Amino acid sequence: MATDVKGLTSNEFNDWCPGCGDAGIVLAVKNAIMKANLNPNKTVIVSGIGCSSKLPHFVNVNGVHTLHGRAIPFAEGIKMANPDLNVLIDSGDGDTYGIGVGHFISAGRRNNDIKLFIHDNGVYSLTKGQASPTLPEGRKTKSLPEPNINGALNPLSLAIMSGYNFVARAQSYKVNELSDIMTKAIQHKGLALVDILQGCPTYNPEFTSAAWFNAHTKPLPDGYDGVVKDPSNREEVNQKKLQAINLLLNEDPDNMHVGIFFQNEDPDIFESRLQKRGMVPPLTQKIADDKGRPATDIQPVLESLKI
Ligand code: SF4
Ligand code: MG
């Protein structure tokens, strides 16, 4: 059982290459868990498959290292079974925006109270650096024989259009800034995405070094405010969404913004919708009486299926 979220020494990150941005991200996750005052015993980190998905092994909270592209449905199931848990996802861009993109979109329609921290390095790094869905067209990384022939998916605008209510971008080598944004995502009630520009010095060193990120990212424009003040005001919600998407559409991949693009504390989260329908989370349902005899009865279910 998890008891703390103490820091690790660098030699404990021996699953990652030297200089990998994942090391900064794991520190930011730990800091955010502490800043948001989450109980480690009631916190779960879910991951898919990839270099980034090893992260749950390095944080002393509950963790589930699941299947390729399937972190989101696992996390949704955990949250619905026990809404008291704080459910975080740490996975990669290939895992989430490639094989798992259907789940990524559908999650926005539900708006569960879970947080996605996506390590975005433009490559499938665990399988030797093939182009991921976020690698811009024309970029050539170490494993590609020719520059990328495909256009890039923009995960932030896709998230906003899918229904995510907290959408932000940060980078892996600025741990304090990253952990501040993660903390805000955790404190936000509802589905949150933090897309993390992550350094992969092994397979995408040219476009993901700390120096490259520092030269090619900038804060949101002066006066930009992505936070919705009145979630019941559809006009304001749409105006803030359009503001964010307009900024993202006009971004140059060599000159990206970091910060919170959109936030809307919409109380209509999936757990509330289930509660309104009278559905009781499985973990709180009584399954046996005091003598251990089953308290479940399938007769009402059978009755409900009669035509
Ligand atoms: Fe990190 Fe890239 Fe090495 Fe994977 S291959 S551990 S992402 S540096
Ligand atoms: Mg990747």
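In listed order, ligands and their atoms are each counted from 1. Reckoned from all heavy atoms, side chains included, excluding hydrogens, waters and symmetry mates. Since this is a predicted model, take the numbers as computed values, not measurements.
Of all the heavy atoms of Gln198, the ones lying under 4.0 Å from any atom of ligand 1 belong exclusively to the side chain.
Using modelled atom types, one finds a donor on one side chain and an acceptor on the other under 3.5 Å when comparing Ser132 with Asp93. With no hydrogens or angles considered, no side-chain donor-acceptor pair links Asn204 and Thr208 at under 3.5 Å.
For the pair Glu76 and Arg110, the salt-bridge criterion is met [side-chain N within less than 4.0 Å of a carboxylate O]. Taking the charged nitrogens against the carboxylate oxygens, Glu303 and Lys306 do have a contact shorter than 4.0 Å, which makes a salt bridge.
Side chains of Arg169 and Val194 form no contact here, defined as non-hydrogen atoms less than 4.5 Å apart.
Shown here are the protein N/O/S atoms lying under 2.8 Å from atom 2 (Fe) of ligand 1, water excluded: Cys200 SG.
Restricting Asp93 to its N/O/S atoms, the shortest distance to the Mg ion (ligand 2) is reached by OD1.
Checked against salt bridge (Lys or Arg N to Asp or Glu O under 4.0 Å), Asp289 has the following partners two or more places apart in sequence or in another chain: Arg293.
Vertex the Mg ion (ligand 2); arms to Val123 atom O and Asn121 atom OD1; angle 80° (nearest 10°).
Taking NZ of Lys184 as the reference point, atom CZ of Phe166 lies at 7.5 Å (rounded to 0.5 Å).
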